[in-house]
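Protein chains get the first letters and strands the later ones, always in sequence-line order, with residue 1 at the start of each.
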Amino acid sequence: MTLHVTLPDGSPLELDDGASVRDAAAAIGPRLAKAAIAGRVTRAADPDVTLLVDAAASLHEGDRLAIVTLKGDDPDAVDIQRHSASHVMAQAILRLYPGVKYAIGPTIDNGFYYDFSFSEPIAEADLARIEKEMARVVSQNLPVERFELPADEALAVFGPAGATALAAPDAASPSGLPVGLDQQFKVELIRDLLAAAAAEGGAAPIISVYRQGEFVDLCRGPHLPSTTKLGSGTFKLTSLAGAYWRGDEKNAMLTRVYGTAFPSKEELAAYLEALELARQRDHRRIGRDLDLFSFHEEGPGFPFFHAKGMRLWNAMVDFWRAEHVRAGYEEISTPVILRRELWERSGHWDNYKENMYFTTIDEQPYAVKPMNCPGGLLIYKSRRRSYRDLPLRMAELGRVHRHEMSGVLHGLFRVRYFTQDDAHIYCTPEQLEEEVRGVVQFMHRIYAAFGFSDVKIELSTRPGKSIGSDEVWELAEGVLTRVLEGETGPDGEPLAYALNPGDGAFYGPKIDFHIRDVMGRTWQCGTIQVDFAMPERLDITYTGADNEEHRPVMIHRALLGSVERFMGILLEHYGGNLPTWLAPQQALVMPIADRHADYAAHVMRTLRAAGAADSAKAPVGLHVDVDDRGESIGKRIRDAQLQKVPYILVVGDREEEAGAVGVRERGEDKGPRPLAEFVDHIVDEVRERRLP
RNA sequence: GCCCGGUUAGCUCAGUCGGUAGAGCACUUGCAUGGUAAGCAAGGGGUCCGCGGUUCGAAUCCGCGACCGGGCUCCA
């Protein structure tokens, strides 16, 4: 008997009946047979599903087959390798810490983890020991075998010894696996699989179990065919962390061991190097080194912005304000502390009070605002509004305070106060689409100016728990969808967006914007939320052309999200080398010797004047200082480079005589330039907000 | 909030067996007046996170607290 499979290039392959993926690879060539770790199979009966199977898995007549190897860039291969690495790690840990309970060990972006319940805590220092034992497991070249068991047998394997008839002491299950491993987490998982199958009305599921040497684990697979395939020098344990069983804080706290693995030593080394680079780009480090901001015990989670941090802050916000004026917004400002009663009316008391701060003034209860909308609504209500006033776009750089749990605070990324670049747009239902479209375009323009052109968009629709009528939701979701469908991105291509069904706010659907930084990480920044509920709750109206009162629609939107967090993203994106228009110190003048002090001061004054508000050039504002410390010129240049100053202007006899400056731009010596020419150059660069 | 780890000069960190502290950078001063990533020298600077305990004696050991870091979304 023979069976026929088709390879990715369309060529047929004839094999003996019962042949495996590995046999198929062997039929193609001995090198491939050695490299094969799994197969991607599409069955003739089910042409839409591609399965990832073990190298030992049998093939069927009519299968389409691709051999998976660790050579080349197959994401499936790396995934299998990492998953097997997590099993090898679990095996090593079980050898070193008998009695450990193992929970789950999946693959994640760039690595893997496995959760354990240890009887004694372990420390990072133990990771090296575990790695050593892993290397032993690898060198033992243990074959990895798959077993498919009925549920009761699987329960006997992982249940406590003697718990079932099958599980007599020292017994083995019919498949030859040990029984009575007493792994409570695995038992729970098997029971869940049973429950899930029952809920779907399906037959009792077949449970797959993998064994390598003495280690047995419940696992979907596939896996490397043997532990040696993991390779040496290709994996590394990176960190330890606590993690709740199934991510629920009501459950037991487990110890999570993180690691990573790559097909080659070189790739692992490159990844570890990239990690180190990211560490150096950490905005907390840059913030301290460049003297931008700091944190203090006296106010955990509350950032302090230094003079240079405020220069950056103001550059961001000046630009933000100018763009809002251009886009037809008015800026407002509302108080930080307001009576608690307002928050009860707005619904925040019911839904958000765990995250709010409260205080008492004259024996009256007050709250510190966690959001700006209720205050903004009071401004809306401060006079009668006509349909002629709409759309009304009110922006606010509102400082909000939120009580985040102490363990989640992280530099500027997660703080307890931040400045939301908020805006609320009040409009008629007819104007909604136009307004949302305007915000989407606005959003892209702002991100592009900061150097982010890779923007991902998500549309989130009505969640299970929500308020408002079906018609209203349909209208709002329809509007958002139409806007996204009709819009083109900065490159003129139609906008791509992902749908997040059921992930909207309880009062309305939303569009979220994620920007991608140079390191490929994405950050959710902007959001547009349509809200029919708040106008209702706080009872705001406008007078229509019919002289009747109508209910406006409200759009909540933020572009940067949090000015502080966006600053952190910028710092990491640019590694501190900010575009000149954002740089807190744009040029530093360096006199060669004391006799050049007057000329250096002249250069500084000329540049500051060129950036001043009454300048004929442009009111760009230029941050220029002189470094006349008694240090060698080499030392001062080095310091300025480390401070990431875009322009270093060296002035000595030659420059003074010629009315020039010796320009060093971002580490590159550009030679002498006439001062007037340099002034034009930097003013243009800042005014046009050129990116480096 | 929870788990693990940490906290020593402004920063980065060393500190052996429990015997009251060190380096580099930074800072101050002096010399050098410099030509594109660290000139030379001297000096100042410490509640070893805080409180309590053990001990003749604690940066070091124990307990409690504060703060910081990693994680608590990736589901066999």
Closest to the Val408(A) side chain, choosing from A76(B), G1(B), C75(B): G1(B)

Watson-Crick/G-U partner (both atom distances under 3.5 Å) of U29(B): A41(B)

Minimum heavy-atom distance Ala38(A)-Ile80(A), with the two atoms named: CB-CD1, 3.5 Å

Sugar-phosphate, base or nothing in reach of Gly630(A), heavy atoms under 4.0 Å: base

Distance between P atoms of C17(B) and C48(B) (Å, rounded): 22 Å

Distance in angstrom units between Arg285(A) CZ and C25(B) P, rounded: 17 Å

Side-chain donor/acceptor contact of Tyr244(A) with base of C3(B) under 3.5 Å: no

Sugar-phosphate, base or nothing in reach of Arg654(A), heavy atoms under 4.0 Å: base

Inter-nucleotide C1' distance (G43(B), C3(B)), Å rounded: 47 Å

Touch class at under 4.0 angstrom, heavy-atom based, for Ser208(A) against every strand present: base

Distance below 4.0 Å between Arg288(A) side-chain N/O and U12(B) OP1 or OP2: yes

Arg638(A) (side chain) and A38(B) (base): donor-acceptor pair under 3.5 Å: yes

Phosphate OP1/OP2 of C4(B): any Thr255(A) side-chain N/O under 4.0 Å: no

Touch class at under 4.0 angstrom, heavy-atom based, for Arg664(A) against every strand present: base

Spacing of Ile108(A) atom CD1 relative to C72(B) atom C1', expressed in whole Å: 13 Å

Any Tyr102(A) side-chain nitrogen or oxygen under 4.0 Å from OP1 or OP2 of C75(B): no

Sugar-phosphate, base or nothing in reach of Arg595(A), heavy atoms under 4.0 Å: sugar-phosphate

Test item: side-chain donor near acceptor, Ser84(A) and His223(A), under 3.5 Å: yes

Selection from C67(B), G70(B), A37(B) that lies nearest to any side-chain heavy atom of Pro300(A): C67(B)

hbond_proxy Glu655(A) side chain to G35(B) base (donor-acceptor, 3.5 Å cutoff): yes

From C75(B), A76(B), C27(B), nucleotide with atom closest to Leu193(A) side chain: A76(B)

Under 3.5 Å on both distances, the Watson-Crick or G-U partner of C13(B): G22(B)

G-U wobble or Watson-Crick pairing nucleotide for U54(B) (cut-off 3.5 Å, both distances): none

Heavy-atom neighbours of Arg191(A) CZ exceed 12 at 6.0 Å: no

5'-most by nearest nucleotide on RNA chain B - Ser239(A) or Ile633(A): Ile633(A)

Whole angstrom value for the distance that separates P of A26(B) from CG of Asp627(A): 13 Å

Distance-only side-chain donor-acceptor flag, Arg414(A) / Ser562(A), under 3.5 Å: no

Separation of atom CG in Leu194(A) from atom P in A76(B), rounded to whole Å: 15 Å

Residue mapping more 5' on RNA chain B - nearest nucleotide basis, His83(A) or Asp289(A): Asp289(A)

Validation row, ring centre Phe116(A) to ring centre Tyr114(A) under 6.0 Å: yes

Audit row: Phe112(A), His83(A), ring-ring contact (aromatic ring centres under 6.0 Å, His included) steps and yes/no: CA-CA 7 Å; Phe112(A) 62 88; His83(A) 198 171; 9.4 Å; no

Touch class at under 4.0 angstrom, heavy-atom based, for Gly407(A) against every strand present: base

Distance, C1' atom - from U8(B) to A21(B), rounded to whole angstrom: 8 Å

Between C1' of G69(B) and CG of Leu412(A), the distance in whole Å: 16 Å

Interatomic distance at P, G71(B) relative to C56(B), whole Å: 45 Å

Sugar-phosphate only, base, or nothing, as touched by Glu297(A) at under 4.0 Å among non-hydrogen atoms: sugar-phosphate

Whole-Å distance separating the CD atom of Gln641(A) from the C1' atom of A37(B): 7 Å

Rounded distance in Å - CG (Leu254(A)) to P (U73(B)): 12 Å

Touch class at under 4.0 angstrom, heavy-atom based, for Val209(A) against every strand present: nothing

Short side-chain N/O contact from Lys635(A) to OP1 or OP2 of A26(B), under 4.0 Å: yes

Side chains of His681(A) and Tyr647(A), donor plus acceptor under 3.5 Å: yes

Phosphate contact (G69(B) OP1 or OP2) by Arg284(A) side-chain N/O below 4.0 Å: yes

C1'-based separation of G15(B) from U20(B) [nearest Å]: 14 Å

Sugar-phosphate, base or nothing in reach of Phe185(A), heavy atoms under 4.0 Å: nothing

Euclidean distance for C1', U54(B) against C64(B) (whole angstrom): 15 Å

Rounded distance in Å - CD (Glu657(A)) to P (G35(B)): 17 Å

Criterion side-chain contact (heavy atoms from CB on, under 4.5 Å) against Phe185(A), the qualifying member of Leu218(A), Ile104(A), Leu254(A), Ile190(A): Leu254(A)

Presence of His296(A) side-chain N/O under 4.0 Å of C68(B) phosphate oxygens OP1/OP2: no

For A66(B), the Watson-Crick or wobble partner whose two distances fall under 3.5 Å: U7(B)

Gap in Å between the two P atoms, one belonging to G10(B) and one to C49(B), rounded: 12 Å

Sugar-phosphate, base or nothing in reach of Arg191(A), heavy atoms under 4.0 Å: nothing

Trace of the salt bridge (charged side-chain N to carboxylate O under 4.0 Å, His left out) decision for Arg595(A) with Glu656(A): CA-CA 10 Å; Arg595(A) 64 179 178 279; Glu656(A) 183 163 359; over 6 Å; no

P atoms of G69(B) and U12(B), separation to the nearest Å: 12 Å

Sugar-phosphate only, base, or nothing, as touched by Ile190(A) at under 4.0 Å among non-hydrogen atoms: nothing

Sugar-phosphate, base or nothing in reach of Asp653(A), heavy atoms under 4.0 Å: base

Residue matched to C75(B) through Watson-Crick or wobble contacts both under 3.5 angstrom: none

Gln91(A) and Gln212(A) side chains, donor-acceptor separation under 3.5 Å: yes

Any-strand Watson-Crick or G-U partner of U60(B), both distances under 3.5 Å: none

Ile637(A) side chain, from C-beta outward: closest of A76(B), C72(B), A37(B): A37(B)

